[in-house]
Each structure stands twice: as C-alpha cells, then as structure tokens.
Student: 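Here it is: the structure, laid out below.
Small disclaimer: the values here were computed from a predicted structure and weren't measured. The figures here come from the full heavy-atom set of this structure, side chains too, leaving out hydrogens, waters and symmetry mates.
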Amino acid sequence: SENFRSSYYGTLGVSSVAVVKPPSSLDVLFKAEILDVVKLKSICLQHPLTTFHRPLVWKTILGVSPTANNEATRIYVKEQRKQQLEDLKRCLKFVSREPAGTTPSPEEFSLLYLIEKNRLLVSKRAEHTDLCAIAKPFIKLFPADEDAYWLFSSFAAMWETEMESSDLCLGQGYCWIQYCASVCGCGTNCGSKAVSDGC
C-alpha cells in the first residue's frame with residue numbers, strides 16, 4: 001500500500017486513515033546537489049512516506065546512501081556495499097561451513113553483522129537474538145539483500161550507540177522494531193509510542 005502505517009492503524013480497529021502525501025519539497029530536496037539530512041528528518045516527522053520515497057529516505061538518513069546527489073557517486077557506493085556484503089557472506093560461509101541460503105534470514109544478518117563488527121567470537125546468545133529481532137522487519141520491507149542488510153546494520157549500530165550513551169533500555173527500542181514488524185506481517189503491534197515518535 002502507499003502508506004504502510006494504514007496496516008498498523010487497522011490492527012487498532014480504525015477502518016480508514018487519510019493518507020497525507022509528503023509535500024513537494026521532498027522531491028525538491030532530493031534534487032539538491034547535497035541532500036539536507038536535517039530538513040529530510042523534519043519532513044519525515046511531519047508526513048508519512050510513500051512506498052516510492054521510503055527506501056530513498058531511509059537509506060539517506062541511516063547513512064547507507066551518500067548525501068551527494070551525484071549518480072556516479074551513488075553507483076560507486078552501491079557497488080562497494082554490494083561487494084562488501086559478498087565478502088561478509090564468504091566469511092560466514094567459511095566459518096559456518098554451510099552454504100548460504102537463497103533468501104536472507106534474520107539469523108544470517110545477525111551473524112554477518114557480528115562478523116562486520118569483529119564480535120562473532122565474543123558475542124552472547126542474547127545479542128544474537130536481539131539482532132535477529134531488529135533484522136526481521138528490514139528483510140520484510142526491503143526486497144534487495146544489500147539494501148536490507150545495510151539498513152539493518154546502520155540501524156543496529158546507531159541503536160547500540162544510543163544504548164551506550166543513554167539510559168534507554170533495549171525494550172524501548174523494540175517498540176520501533178515491533179511496529180515495523182506489525183505492519184509487514186512478521187510480528188505483533190507495539191502500541192502508540194512508535195507512531196508518536198514519527199516512525
């Protein structure tokens with residue numbers, strides 16, 4: 001659907017929700033030579049995103065795509081990330097001695113992330129479980145493996161940093177994660193906090 005929040009509102013018994021399209025300034029923003037991430041975040045907090053804009057916005061805000069609006073730069077970065085993901089998969093295959101599946105799984109993403117961060121040998125089972133919970137909605141929402149993985153990786157790293165520098169608990173982060181999971185059919189809904197936070 002055009003606005004994936006409608007699925008979540010439906011679970012609350014709301015029969016229909018008006019879809020407010022993002023302002024044309026969002027399109028203008030993506031045509032700028034250098035994307036203004038601050039303005040982009042501000043627009044996203046005020047308006048729901050369409051299916052077309054969502055991948056572009058998430059990849060920009062989470063640092064997966066460069067802010068320089070240059071096609072050659074974007075292609076280069078995309079190819080580098082694709083190659084890096086392939087390298088991580090080869091490492092995982094060597095460590096696990098098992099061939100990778102044809103479709104990504106939360107378990108695979110969690111292990112790839114731990115390899116990327118050089119924490120595979122020192123990680124605990126609880127950490128693996130938490131990362132799987134974070135990875136699941138990204139896999140559901142983004143069909144391309146490299147998009148799903150790098151968005152998951154960037155979000156997981158960002159959340160770990162927030163956890164270390166604040167009094168937030170992992171359960172609070174799950175509100176956002178479960179919200180994504182609920183609207184893509186892979187989990188339970190989480191309540192109103194995700195909506196109030198502009199997710």
Side-chain angles (χ1 to χ4, degrees), residues 1-12 14-78 80-81 133-163 165-166 168 172-187 189-199:
S1 61
E2 186 179 38
N3 177 13
F4 74 94
R5 294 184 186 200
S6 297
S7 300
Y8 173 70
Y9 294 140
T11 65
L12 301 179
V14 179
S15 58
S16 63
V17 176
V19 177
V20 180
K21 293 185 177 181
S24 58
S25 57
L26 189 58
D27 291 318
V28 174
L29 203 62
F30 274 104
K31 292 178 181 178
E33 187 174 344
I34 301 295
L35 295 178
D36 190 328
V37 178
V38 175
K39 286 185 178 179
L40 185 59
K41 290 179 179 179
S42 177
I43 291 174
C44 293
L45 288 173
Q46 300 175 46
H47 302 273
L49 297 174
T50 64
T51 302
F52 172 77
H53 286 111
R54 192 178 309 127
L56 299 173
V57 171
W58 285 25
K59 285 190 284 186
T60 302
I61 290 178
L62 288 174
V64 174
S65 293
T67 55
N69 198 2
N70 179 283
E71 187 65 21
T73 301
R74 289 182 177 277
I75 292 175
Y76 174 78
V77 171
K78 184 176 182 179
Q80 290 297 306
R81 289 197 177 278
I134 296 173
K136 199 168 185 179
F138 285 101
I139 292 173
K140 287 284 187 179
L141 289 170
F142 298 93
D145 288 10
E146 57 267 24
D147 287 347
Y149 176 75
W150 290 115
L151 285 166
F152 150 71
S153 175
S154 296
F155 179 82
M158 178 188 69
W159 182 248
E160 287 178 347
T161 300
E162 289 294 323
M163 290 278 290
S165 61
S166 69
L168 294 174
Q172 288 173 295
Y174 276 164
C175 186
W176 186 93
I177 298 164
Q178 290 175 346
Y179 169 65
C180 287
S182 71
V183 298
C184 64
C186 59
N189 51 24
C190 66
S192 60
K193 179 173 172 52
V195 176
S196 65
D197 283 350
C199 302

Student: Grab the two heavy atoms, one from Ser65 and one from Arg74, that are nearest each other, plus how far apart they are.
Tutor: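 Distance-wise, the nearest heavy atoms are CB-NH1, 3.7 Å.
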Student: Which atom names give the shortest non-hydrogen contact between Phe155 and Ile134, and what distance separates them?
Tutor: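 Scanning both residues completely, I find the closest heavy atoms to be CD2-CG2, 3.7 Å.
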Student: Using atom types as modelled and distance alone, determine if a side-chain donor or acceptor of Arg81 lies under 3.5 Å from a backbone N or O of Val64.
Tutor: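 Confirmed, Arg81 side chain pairs with Val64 backbone.
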Student: Distance-only, no hydrogens or angles: does the Ser42 side chain make a donor-acceptor pair with backbone N or O of Val38 under 3.5 Å?
Tutor: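 Side chain of Ser42 to backbone of Val38: no pair is present.
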Student: With no hydrogens and no angle check, is any side-chain donor or acceptor of Asp147 less than 3.5 Å from a backbone partner on Phe142?
Tutor: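 No.
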Student: Between Ser154 and Trp150, is there a donor-acceptor pair closer than 3.5 Å when you use the side chain of the first and the backbone of the second?
Tutor: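 Flag set: sc Ser154 to bb Trp150 pair under 3.5 Å.
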Student: For Gln80, is the CD atom crowded, meaning more than 12 foreign heavy atoms sit under 6.0 Å from it?
Tutor: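 Yes, the 6.0 Å shell around CD holds more than 12 heavy atoms from other groups.
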Student: Rounded to the nearest 0.5 Å, what's the gap from CG on Leu45 to CG on Leu40? Could you check?
Tutor: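 Reported value, rounded in 0.5 Å steps: 10.0 Å.
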Student: For the atom pair CG (Leu26) and NE2 (His53), what is the distance rounded to the nearest 0.5 Å?
Tutor: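 One finds 4.5 Å between CG of Leu26 and NE2 of His53.
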Student: So, the side chain of Asn69 versus the backbone of Phe30: is there a donor-acceptor pair under 3.5 Å, distance only?
Tutor: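 At least one qualifying donor-acceptor pair exists.
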Student: How far apart are the closest heavy atoms of Leu29 and Leu35, and which atoms are they?
Tutor: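 Heavy-atom minimum between the residues: O-CD2, 3.0 Å.
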Student: Assess whether side chain to side chain contact (heavy atoms under 4.5 Å, CB included) is satisfied between Thr67 and Asp36, documenting all intermediate values.
Tutor: CA-CA 8 Å; Thr67 55; Asp36 190 328; over 6 Å; no
Student: Atom CZ of residue position Phe52 - does it have more than 12 heavy atoms of other residues, nucleotides or ligands inside 6.0 Å?
Tutor: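 No.
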